[in-house]
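Below is one structure, written out as structure tokens, with a few remarks after it.
Whatever order the structure lists ligands and atoms in, that order sets their numbers, starting from 1. Below, each value reflects all heavy atoms present in this structure, side chains not excepted, and no hydrogens, waters or symmetry copies.
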Amino acid sequence: MLDKPSGSVELHREIVPAKGRWSRRLEAGQSLTLIDLEGQQAVDFLCYAAELPLDRLNLPNTVKLNRSLYVTKGSKLYSDRARVLMSVTEDSCGFHDTLAGCCSCEIDQVRYGVQKTESCRTNFIAELSGWGLGPSEIVSNINFFMRVVFKEDGELFISDSVSKPGDRVTLKAETAVIAVLSNCPQEHNPAAGFQPTPIEVVVTAEA
Ligand SMILES: [Zn+2]
């Protein structure tokens, strides 16, 4: 099939609806492909070592060891203990954010003056509960398909995404991990193009 890496077998394929959430344990060597079906849809992403969830995605370690503020093909996702949890093996988009974190009902009250019941943080809380993990396990996340621009003087803002319909990124588990995502429900900034849309997730194993 077109949507899976060559030389691999498909284990799972699922549409995550607009504003939805998803998680799965991936064994070492399995790959997760995220497909931005309609374009400009931020996917907030966390991952945890399956055997020791307290060893989890650490973005300062990831930025320092990749020597880049962006995640893209060739980047590795490092844990608190500087272990490689996952690596990015394919990326048709080119820019994925490490800086802006996830939206929450609380920050949207502060920055937009709106009262909401849905956010990436509420999605993360709900999804992590299924793994016995609580809100305190939410750490800084990667925002796939989200464009955050930063300037030399430090100015930073969420910009229009460069992600096109069908853009995809593939992450290979380098150890057993729990991958958790929120299909960002944000409607008040360009993270989801002001109109959240579905994504597709595909899990594959090497043949
Ligand atoms: Zn969000």
key: Residues forming a side-chain contact (heavy atoms from CB on, under 4.5 Å) with Q109, sequence neighbours excluded   = Q115

Note: R21-E118 ion pair, threshold 4.0 Å (strictly below) = no

Exercise: do N189 and Y112 side chains pair donor with acceptor under 3.5 Å = yes

note = Test ring-ring contact (aromatic ring centres under 6.0 Å, His included), reference F95, set Y70, F144, F145, output is Y70

query = In the protein, how many N/O/S atoms are under 2.8 Å from the Zn ion (ligand 1)?
reply = 3

task = Just jot down the side-chain contact (heavy atoms from CB on, under 4.5 Å) partners of L69, sequence neighbours excluded, or say none.
result = V63, T98, L99, F150

task = Can you sort out the partners of A50 under side-chain contact (heavy atoms from CB on, under 4.5 Å), two or more places apart, ordered by chain and number?
result = R25, A176, I178

